[in-house]
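Here the structure is a predicted model, which is why all the values come from computation and not from measurement.
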Amino acid sequence: MGDKMRLDKYLAESGQGTRSEVKQLVKKGHVSVNGVTARDSGMKVDSDKDAVKVNGRSVIYEKFRYFMLNKPQGCVSATRDGLSSTVLDLLEGEITRDLFPVGRLDKDTEGFLLITNDGQLGHELLSPRKHVDKKYVAHVSKPLTPEQLIAFAEGVDIGDEKPTMPAKIRPLDEENVYEVVLQEGRYHQVKRMFEAFGSKVTYLKRVSMGPVTLDESLEPGQYRKLTAEEVEALRRK
């Protein structure tokens, strides 16, 4: 048996609107429970057993929602922006009212972006104290020397109050391309770390967060829901 809860709570947590908005939906006769038009937004429903519909469309109860987006260049990691399209604009067909991106990717950076309404998980994934790896692939203007690679990994002075935390870096097979793993997410951090060694990042892509890797079938701008296994893996971090 699922959770017993008020109908308005069920609808609001499933992304159908605020409490006051879903009460209006009920009041106007747009909501049915088990085929019967609901008249009381305070009626109790079972999240597993009862069939709830809004305007004839089934509403599946999901207190928390999790999406993997392959963020394209030119898109802002924000819930709204007056000048540019945001990552939430790419979730076509989804109700995005309570969703937010976990951390930010620069406007010209591509790759894995988690979008959710689970504030607790988002906080834990971003906390440097939790030591959650964020892996990037960086194309740069000039290679680092072996000595610079060691210095990069030990932590870099990028002009903030304190140096960056230790990182992992390794050259990939392609010339001037590196894999970088960070456990924090300062403003333009990867770019500023390379710039400290006189090398400019020309392309940057995040390929994973913690144990979850970007789905290679997702083209830039495409997204999908996380699987139950992926969500559980993130929660274990």
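Phe197 approaches Leu144 most closely through the heavy-atom pair CB-CD2, 3.8 Å. Residues Ala196 and Val156 share a closest heavy-atom pair of CB-CG1, 3.5 Å. Asp89 and Ser85 make their closest contact through OD2-CA, 3.4 Å (heavy atoms, listed as atom of the first residue, atom of the second, distance). Minimum heavy-atom separation, Met193 to Thr164: CE-OG1, 3.6 Å. Of all the heavy atoms in Leu126 and Lys134, the pair that sits closest is CA-NZ, 4.1 Å. Nearest heavy-atom pair, Pro220 versus Glu110, reported as atom, atom and distance to 0.1 Å: CG-OE1, 4.5 Å.
Contact annotation: the side chain of Leu214 never approaches that of Arg206 to less than 4.5 Å [non-hydrogen atoms, C-beta and beyond]. Arg186 has its side chain within reach of Asp160: a pair of non-hydrogen atoms, C-beta onward, lies under 4.5 Å apart. For the pair Tyr223/Leu218, no side-chain contact is recorded, criterion being any heavy-atom separation below 4.5 Å from C-beta on. The closest side-chain heavy-atom distance from Phe112 to Val212 is below 4.5 Å. Between Leu91 and Ile115, some side-chain heavy-atom pair lies under the 4.5 Å cut-off. Between Gln183 and Pro128 the shortest side-chain heavy-atom distance does not fall below 4.5 Å. When side chains are defined from C-beta on, Leu182 counts as touching Val190, because their heavy atoms get closer than 4.5 Å. In this structure the side chain of Met5 reaches within 4.5 angstrom of the side chain of Ser47, judged on heavy atoms.
Here the side chain of Asn34 pairs no donor or acceptor atom with the backbone of Asp50 at under 3.5 angstrom. Counting only distance, with no hydrogens or angles, the side chain of Thr96 and the backbone of Leu99 share no donor-acceptor pair below 3.5 Å. In terms of modelled atom types and a separation under 3.5 Å, the side chain of Ser141 and the main chain of Lys200 share a donor-acceptor contact. Side chain of Ser127 to backbone of His123: no donor-acceptor contact under 3.5 angstrom is found.
Side-chain contact annotation: Glu219 with Asn70, donor-acceptor N/O pair under 3.5 Å absent.
Aromatic pair Tyr178/Tyr136: ring centres not closer than 6.0 Å.
The hydrophobic clustering, which links ILVMFWY residues whose side-chain heavy atoms are closer than 4.5 Å, places Leu114 and Leu90 apart. Val231 and Met209 end up in the same hydrophobic cluster when Ile, Leu, Val, Met, Phe, Trp and Tyr side chains are linked at under 4.5 Å. Each of Val201 and Val177 belongs to its own hydrophobic cluster when Ile, Leu, Val, Met, Phe, Trp and Tyr are linked at side-chain heavy-atom distances under 4.5 angstrom. Criterion: ILVMFWY side-chain heavy atoms under 4.5 Å apart, direct or through other members. Under it, Val45 and Val22 are part of a common hydrophobic cluster. Hydrophobic clustering, with ILVMFWY side chains joined whenever heavy atoms are under 4.5 angstrom apart, groups Leu149 together with Val180.
Taking CE of Met68 as the reference point, atom CG of Leu226 lies at 5.0 Å (rounded to 0.5 Å). Summarising the geometry, atom NZ belonging to Lys4 is positioned 11.0 Å from atom CG belonging to Asp48; distances are rounded to the nearest 0.5 Å. Note that CD of Gln73 is 11.0 Å distant from SG of Cys75, once rounded to the nearest 0.5 Å. Atom NZ in Lys27 sits 13.0 Å away from atom CG in Asp40 (nearest 0.5 Å). For the atom pair CG of Leu234 and CD of Glu124, the computed distance is 10.5 Å after rounding to the nearest 0.5 Å. Atom CD of Glu229 and atom OG1 of Thr227 lie 4.5 Å apart (nearest 0.5 Å).
For Lys162 and Asp157, the salt-bridge test fails: no basic side-chain N is under 4.0 Å from an acidic carboxylate O. Between Arg129 and Glu184 there is no salt bridge, since none of the side-chain N atoms of the basic residue sits less than 4.0 Å from a carboxylate O of the acidic one. Taking the charged nitrogens against the carboxylate oxygens, Asp118 and Arg65 have no contact shorter than 4.0 Å, which rules out a salt bridge. Arg224 and Glu230 are joined by a salt bridge, as a carboxylate oxygen and a charged side-chain nitrogen come within less than 4.0 angstrom of each other. Between Arg6 and Asp8 there is a salt bridge, since at least one side-chain N of the basic residue sits less than 4.0 Å from a carboxylate O of the acidic one.
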What pairs of donor and acceptor atoms, side-chain ones from residues 165-173 against any protein atom, are under 3.5 angstrom apart with sequence neighbours left out?
{"unit_1": "Arg170", "atom_1": "NE", "unit_2": "Glu179", "atom_2": "OE2", "d": "3.0"}
{"unit_1": "Arg170", "atom_1": "NH2", "unit_2": "Glu179", "atom_2": "OE1", "d": "3.3"}

Side-chain donor-acceptor pairs under 3.5 Å in residues 100-108, sequence neighbours left out?
{"unit_1": "Arg104", "atom_1": "NH1", "unit_2": "Ser77", "atom_2": "O", "d": "2.9"}
{"unit_1": "Asp106", "atom_1": "OD1", "unit_2": "His188", "atom_2": "ND1", "d": "3.0"}
{"unit_1": "Asp106", "atom_1": "OD2", "unit_2": "His188", "atom_2": "ND1", "d": "2.7"}
{"unit_1": "Asp106", "atom_1": "OD2", "unit_2": "Lys191", "atom_2": "NZ", "d": "3.3"}
{"unit_1": "Lys107", "atom_1": "NZ", "unit_2": "Ser84", "atom_2": "OG", "d": "2.9"}
{"unit_1": "Asp108", "atom_1": "OD1", "unit_2": "Lys191", "atom_2": "NZ", "d": "2.7"}
{"unit_1": "Asp108", "atom_1": "OD2", "unit_2": "Lys191", "atom_2": "NZ", "d": "3.3"}

Using the rule given for side-chain contact (heavy atoms from CB on, under 4.5 Å), can you reason through Leu11 versus Leu25, listing the C-alpha separation, both sets of side-chain angles and the distance that settles it, and then say yes or no?
CA-CA 10 Å; Leu11 292 169; Leu25 287 175; 5.5 Å; no
Going through the distances and angles, do Tyr61 and Lys63 end up as a side-chain contact (heavy atoms from CB on, under 4.5 Å)?
CA-CA 6 Å; Tyr61 177 71; Lys63 182 173 184 178; 3.4 Å; yes
Tell me, with the steps shown, if Ser199 and Lys142 meet side-chain contact (heavy atoms from CB on, under 4.5 Å).
CA-CA 5 Å; Ser199 187; Lys142 78 173 192 179; 3.9 Å; yes
What verdict does the side-chain contact (heavy atoms from CB on, under 4.5 Å) test give for Val137 and Leu204, after you've listed the backbone C-alpha separation in whole Å, the side-chain angles of each residue and the deciding distance to 0.1 Å?
CA-CA 6 Å; Val137 171; Leu204 186 62; over 6 Å; no
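Ring pair His139/Tyr203 is perpendicular by interplanar angle, where above 60° counts as perpendicular and below 30° as parallel.
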